[in-house]
Amino acid sequence: MQDLTATRVLIPGVIGPYDAHVNLGLHWNHYVRPLFTLDTVRQIATDTQAQADECGSDSVITAHVIDGDPGRDGEPRSVVLVVNWQWWDQDKGAKNVTTILEPIAGGLYGIGNSSWCWEFETWDCLCEEKNPWHIEVCQCGQPRDVQVAVPDGMIATRVCIDGPATYPAFVVKQYGRTVTPYFPLDTVRQLAADTQEFAAQHDPRSVETIHVLETAPDSAGERGTIVLHADWVIEDAEGPADAARIVAPDERGLYRIGPDWHWSFAWWWCACETDNVWHEHRCSACGMTRAEQPKKRLESATWKAARLLRALVPEATSALVDLTDLARICAVHAGDTELDMADDTGPFDTETLGSADEALRQALDDAEPSDLAEAGWEHVTDDASAHVYRITFPVARP
């Protein structure tokens, strides 16, 4: 269905979650405007009517599905309606409290589409980030489906081989920096695409490629799958029979791809400039989680400036930055107290202030005016300059 995304929605503490389709660009008072299949509407009808029985109809809006006999074409016929019983006592009358809903193309119904406070169901990633249901892979790289399916004795992480590409995997063994990863089928498909692309760009006789062969879905939506590992270096020397081998899934449905490849854990870089192994979701140096990392360049620069200044004054909480001409930090505060910035009497040296200034200047080079507010920069009134902003440092961690 064009422009629609499959997701799950709920009204927190009231009803749901339910499978739904939404146009991500359309909202009602910042709430989601979901569309439901008839089967889901039946569930909403059951749930809302149960609430009316429990709490009283005068406080509940109910959905109803009235089924009729098949029409002349043999297709089932149903009428979907929503009743706002709260209006009944206001002399609205039966007609005015009832809304009959027509399905849109695809047979979807907009129950409370622009009047109920629908929100996306969320899932909690192991990195502590909350994601709307339709986001299947967290910004940290962990897929939604592995959040509740980490096999015993394994860890969910990301792995790589000397390059920027990283892949979600389960790891059970580690030998120094080398690990033995097992991959779900979706990741195997990505490995197949990447290895074949790499072979197309290089000498195909010097690479190994992964291939996934699948049947069409059966009536249950299941596919027959064969995973093939081809080592074209061997093929060149010994023939195709020795070049290819079938990779079978283990009892958990996971594939061990490239057991002799130099897989290692992927790493993530904290704003405090510490690198951390991927499955450790909290920085080993500063304690900040991967989900808490600044998302934009100007935010990262703010964190870096804070780290530099706090190296000399741990209690520093904010700074004033003058953007007139060459941006510079013109004041540093610890709470309500302005710190002495003089070279000979204050706690800061010229090198530290210069490094903090330079971090901000580099980020400001390609920043738009709107980026300042999004990064938390607050414009302040100053007698000497019309371009002074306050940057508040992140909460200090032990």
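Just so you know, these numbers come straight off a predicted model, no measurement behind them.
Under the 4.5 Å side-chain contact rule for hydrophobic residues, Phe265 and Trp261 share a cluster. Taking hydrophobic clusters as Ile, Leu, Val, Met, Phe, Trp and Tyr residues chained together by side-chain heavy-atom distances below 4.5 Å, Ile15 shares a cluster with Val41. With hydrophobic clusters built from ILVMFWY side chains whose heavy atoms lie under 4.5 angstrom apart, Val179 shares a cluster with Val277. Grouping the Ile, Leu, Val, Met, Phe, Trp and Tyr side chains by contacts below 4.5 angstrom, directly or via other members, places Leu320 apart from Leu298. Under the 4.5 Å side-chain contact rule for hydrophobic residues, Trp85 and Val65 do not share a cluster.
No donor-acceptor pair closer than 3.5 Å links the side chain of Arg33 to the backbone N or O of Ser114. With hydrogens and angles disregarded, no donor-acceptor distance shorter than 3.5 Å links the side chain of Arg245 to the backbone of Asp231. A distance-only check finds a donor-acceptor pair linking the side chain of Asn276 to the backbone of Thr274 [under 3.5 Å]. Checking side-chain atoms of Gln51 against main-chain N and O of Val14 turns up a donor-acceptor pair under 3.5 Å. Side-chain atoms of Asp19 never come within 3.5 Å of backbone atoms of Ala6 as a donor-acceptor pair (strictly under, hydrogens ignored). With hydrogens and angles disregarded, a donor-acceptor distance shorter than 3.5 Å links the side chain of Gln196 to the backbone of Ile210. Thr317 places a side-chain N or O within 3.5 Å of a backbone atom of His333 that can act as its donor or acceptor partner. With Thr48 contributing its side chain and Ile44 its backbone, the two residues share a donor-acceptor pair below 3.5 Å. For the pair Asp194 (side chain) and Leu191 (backbone), a donor-acceptor distance under 3.5 Å is absent. Here the side chain of Asn113 pairs a donor or acceptor atom with the backbone of Pro34 at under 3.5 angstrom.
From Arg42, atom CZ reaches atom OH of Tyr109 across 8.5 Å, with rounding to the nearest 0.5 Å. Rounding to the nearest 0.5 angstrom, the gap separating the CG atom in Asp260 from the CD atom in Glu208 is 6.0 Å. Going from atom SG of Cys330 over to atom CG of Asp357 covers 9.5 Å, rounded to the nearest 0.5 Å. How far OG1 of Thr178 is from CH2 of Trp263: 12.0 Å, rounded to the nearest 0.5 Å. In this structure, CZ in Arg297 is found 10.5 Å from NZ in Lys304, a value given to the nearest 0.5 Å. Rounded to the nearest 0.5 Å, atoms CE (Met341) and CD1 (Ile329) are 6.5 Å apart.
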Given the rule in the side chain to side chain contact (heavy atoms under 4.5 Å, CB included) test, do Leu323 and Leu372 qualify, once you have shown the distances and angles that lead to the verdict?
CA-CA 11 Å; Leu323 303 188; Leu372 298 175; 4.1 Å; yes
Dump the intermediate steps for side chain to side chain contact (heavy atoms under 4.5 Å, CB included) on Arg256 and Asp250, then the final yes or no.
CA-CA 8 Å; Arg256 187 180 178 189; Asp250 65 10; over 6 Å; no
Evaluate the side chain to side chain contact (heavy atoms under 4.5 Å, CB included) criterion for residues Val247 and Ile257: first the C-alpha distance (whole Å), next the side-chain angles of each, then the deciding distance (0.1 Å), finally the verdict.
CA-CA 8 Å; Val247 182; Ile257 302 295; 4.0 Å; yes
Would Phe120 and Val22 satisfy side chain to side chain contact (heavy atoms under 4.5 Å, CB included), going step by step from the backbone distance to the final call?
CA-CA 10 Å; Phe120 290 121; Val22 301; 3.8 Å; yes
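The neighbour count for Ile100 CD1, taken as heavy atoms of other residues, nucleotides or ligands under 6.0 Å away, does not exceed 12. The number of heavy atoms from other shown groups lying within 6.0 Å of CG (Asp365) is above 12. The environment of Glu351 atom CD is sparse: at most 12 non-hydrogen atoms of other residues, nucleotides or ligands sit within 6.0 angstrom. Atom NE2 of His262 sits in a sparse spot, with 12 or fewer heavy atoms from other residues, nucleotides or ligands closer than 6.0 Å. Other residues, nucleotides and ligands contribute more than 12 heavy atoms inside 6.0 Å of the CG atom of Asn29.
Nearest heavy-atom pair, Ala199 versus Thr209, reported as atom, atom and distance to 0.1 Å: CB-CG2, 3.7 Å. For Tyr31 against Glu119, the heavy-atom pair with the smallest separation is CE2-OE2, 3.9 Å. Here the closest heavy-atom approach between residue Ala169 and residue Pro181 is recorded as CB-CB, 3.9 Å. The heavy-atom pair separating Cys117 from Pro12 by the smallest distance is O-CD, 4.4 Å. The two residues Glu299 and Pro294 come nearest to each other via the heavy atoms CB-CB, 3.5 Å. Across Ala342 and Asp340, no two heavy atoms sit closer than the pair N-OD1, 2.9 Å.
Under the 4.5 Å side-chain criterion, counting only non-hydrogen atoms from C-beta, Arg361 is in contact with Leu326. Looking at Trp267 and Cys160, their side chains never come closer than 4.5 Å, going by heavy atoms from C-beta outward. With a 4.5 Å cut-off on side-chain heavy atoms, Tyr389 and Leu360 do not count as touching. A heavy-atom distance below 4.5 Å is found between the side chains of Val82 and Ile61. Here the side chains of His279 and Val171 are not in contact, with every heavy-atom distance at 4.5 Å or above. Taking the side chain as every heavy atom from C-beta outward, Glu214 and Val212 approach each other to under 4.5 Å.
Ring orientation note: the planes of Phe183 and Tyr167 are nearly perpendicular, at an angle over 60° on the 30°/60° scale. Relative ring orientation between Trp118 and Phe36 is described as tilted, the plane-to-plane angle lying within the 30° to 60° band.
Inspection of the Asp322 and Thr324 side chains reveals an N or O donor paired with an N or O acceptor under 3.5 Å. If you check the side chains of Asp349 and Thr352, you find a donor sitting under 3.5 Å from an acceptor.
Cation-pi geometry between Arg252 and Tyr182 is met: under 6.0 angstrom from the ring centre, within 45 degrees of the axis.
Applying side chain to side chain donor-acceptor pair (under 3.5 Å) to Tyr18 and the options Thr40, Thr7, Asp47 leaves one that passes, Asp47.
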